[in-house]
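A quick note: this is a predicted structure, and the numbers were derived from the prediction, not measured. Each chain gets a letter, A, B and so on, in the order its sequence line appears, and its residues count up from 1.
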Amino acid sequence: MPTPLAPETRGFFCNWASARLPIRRRIFARWAVLWAGIMPTLTPIASGAEPGVAVYRTMMPECGPSSFAVALGPSLGLSYDPGRGGVNYVWQGEFVDLDPTWRTKINKPAELRGTIVYRESVRYPLRLGGTGRPPRFEFRGYVLLPGAVEFHYLLDGVFVREEIRASASGRGLVRRFQVDDPAGPWSYAIDPQPKVNVSSPEGAWNEARTALTAPRSREFSLHLELEASRP
Amino acid sequence: MNRQLAFLIALLAAGAKAEPYRLEEITLPAAMSPEISAVEFSPTGRLVVANRHGEIWSCDPARRDWVRFAYGLHEPMGLYVAADHDVYVGQRPELTRVRDTTGDGVADRYETVNAEWGITDNWHEFVFGPRRDHEGNFVLAIGLPDTAGAFNQLHSRTPIDLGKIAREAKPSAGPWQGWVFKVTPAGKLVPWASGFRQAAGVGVSPEGEIFVTDQQGDYIAASPLIHVRRGRFYGHPASLKWAVELDGRKPAPDQLEAMRTPPTVVLPHGSIGGSPGDPVWDTTGGRFGPFAGQVFIGDFTKLISRVDLELVAGEYQGACFPFLRDATGVAAILSSNGANNLTVPAGTDGQKYFRDAPPLQGTRLRQGNMRLGFAPDGSLYLGQTTRGWASGDGLQRLVWTGETPVEIHTMRLTPRGFALGFTTPMDRAQLAQKNSYRVERFRYLYHSAGGSPRVDQSNIAVVEASVSADGRRADLVLAELDPGYIYQLEVDGLRSSAGVPVANPLAYYTVNRLHSGRTFTGPLSRPLFAAVPRPARDRANTGEGRRVYLTFCVACHQADGRGGGLPGFAAADFVGEKTRLGKGDDELLGTIASGIEAKGMPSFGQVLSQEDRQDVLAFLREAFGTRAANTPP
């Protein structure tokens, strides 16, 4: 049988024990932890995979309903939208406070504990088969992997796996796409992202630097690296 | 002297008698949120629970070696455990298959089985289930949103007109909200039936029939147990937005009446709880006592009820009974009068609803009993969640001690009345006396208002009572037996042949149809008869007020007056907050009549007469207050 999860592996902001404290004590406890300078180094939540990766489905601010909050490390998080598909945004800082989603019956979205450094447009940005129109996105689930999460979905009926993990520097992320049956070239629309370097070893920028494109391929990846000057 | 001695011996014998059921606390790990939202057992007998924080935990029930199997789910409210490593979970956005494929006991794959229903981030769009029917389909239900909460959402997966929703009094924001539906093993959604407000309990009977409980509120007069049949409409019109055959048309009230299938068994508000959860069938083969095949229903109030179903003219209907209720609240309410619930004479007005509680030793039954599950050993696990409405989450279990409870076992419709079956041989002489039975009947109204008063209420004479040779059955012939009524039966004075009183001497039978097939044809939204005015009186009647309180108020304000209670209601604590009853009579009577919409308190102006309101206020002051506010100190 598996080893029971130790309570101390859970992060403070998502810890039930802390949520049970009276609100004044909770506020005091948080400020005390912040004052002590501990908070930025907290591992958010044990994930069942490797420490530092956590995947929660919840109500996220400025996202479609029941989006994902994913912690890729101690100071990098992203929200993934299973409704429209794709990354809503990436943030630097602590994880999220899920307590507002749990506190009362008329609950509120989770509170982001960091600074958003990357956003994606509303329509799903990956195009397969050389078509320019937004594909029909159908979410099919996810897999927890060591140090990563892999989202599964259909794009116009074509099965896609998208693995997301922190980059080697810890200041960015790598999205690796696997497409079961690519009908043609792929392209990925990118909104201009100040101070975020976006690249793909398999793809090339168009002239306007608004999209990465590449010939038909079963696998390709997207690298998002935050500039060192970001806090 | 001899009589006194006999009484003392009987009292001592009763005191030494073992209780039929024992309530136990299940200790949860400190790391687990105790907001239990699903309770199931795996085919190997492991206890598997979900909580509203989105986790799934499991353990060997004997060893309590809890492990977290999954996390990060969005407010799961139901589980189907296919295997220790393979669990289906109903969460807000989808039905998900959660599996451990690496063999470490922790889930790594979260596969979407179906996500075809609409969602916003409104707090009230709860998803209930899955249960599995005999064809392998998953059965689920989605509740209607609440306009008290926000609808702010982006990127909806189905078209949602937020502006239109904001203008609707009773919205169904996305497809299949307010419906019961199935998901086939291949993952296809099949709409099954409409008209639900918040079907918080989903069950599949041993015969494979679908049943749900719904929540009292608009269009739902009192919380019911409903046998769900394909294509039928059960009352709340918001769901009809998605009925293809209506093509967007809104039926008029008289059309709704014609379309509506009445609830299978009504659980009268107050006396049989107020917010039911899971219905579960006793399939323990007698390991939970003498109720094999019957239905147990958890309730948000401190109550577990029991239902005996039967087929009458091709449709299910039947009787409900209190089964287990927390006793300490009763003691509190009675202690304010210096009385003890164990010494209250049977039949005293008011206590009748609560004297049914077996006095428990030690552990108290908590509120929030929304999830029930029978364990392989025959015990009944009670998962409790109360977020925002009360306090006291957790997991308890109820164990039959082997002592046969003295209860009304069955209440079945006959051509001229009812046949009562008992769990033990009863005192035949008492059974044969017509005045051993008190029968009333009443109706509830089908209308858009929240809840309903009891209307067309009258006493019904028992004209004949015949008894079986073994003393286990009594056949009652009633002076009037008509469809469309709920028949209330009280048997306060009955004793077993060993002299033990009936533990829960109260039952309600919902007569939708007679054996002849005759059904109610009158108006559903108004009474048949005008209420009979009461004679003038000099002062309020606290005894009558207690009856009103225990019928209409107790589900929210609790027997001990400390509040909490039903979903949607933040009930006042009369005991802890002295200012509640510190207001003047006129203000409090106005509150009772008008309600407090912002706090979810319904108006009772159309439900209770002026005399009823005065009586209940007098009772509140006597039971929970220190003095009447209008009385000079």
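Atom CE in Met59(A) sits 8.5 Å away from atom CD in Glu75(B) (nearest 0.5 Å). In this structure, the separation between CZ on Phe151(A) and OG1 on Thr112(B) is 10.5 Å, given to the nearest 0.5 Å. Here the OG1-CG distance, from Thr102(B) to Leu144(A), works out to 10.0 Å after rounding to the nearest 0.5 Å. Expressed to the nearest 0.5 Å, how far NE2 of His53(B) lies from CG of Asp99(A) amounts to 7.5 Å. Between the CD atom of Glu150(A) and the CZ atom of Arg109(B) there is a distance of 7.5 Å, given to the nearest 0.5 Å. Here Glu35(B) contributes atom CD and Trp102(A) contributes atom CH2; the two are 9.0 Å apart, rounded to the nearest 0.5 Å.
For the pair Arg57(A) and Tyr110(B), the minimum side-chain heavy-atom distance is 4.5 Å or more.
Remark: side-chain polar atoms of Tyr71(B) are paired, donor with acceptor, to backbone N or O of Val55(A) under 3.5 angstrom.
Dense packing is recorded around CZ of Arg64(B), with more than 12 heavy atoms of other residues, nucleotides or ligands lying under 6.0 Å away.
With sequence neighbours excluded, the residues that form a salt bridge (Lys or Arg N to Asp or Glu O under 4.0 Å) with Glu162(A) are Arg175(A). Residues satisfying the side-chain hydrogen bond (donor to acceptor under 3.5 Å, both in side chains) test with Asp146(B), not counting sequence neighbours, are Trp123(B).
Of the atoms belonging to Ser67(A), not a single heavy atom falls under 4.5 Å from chain B.
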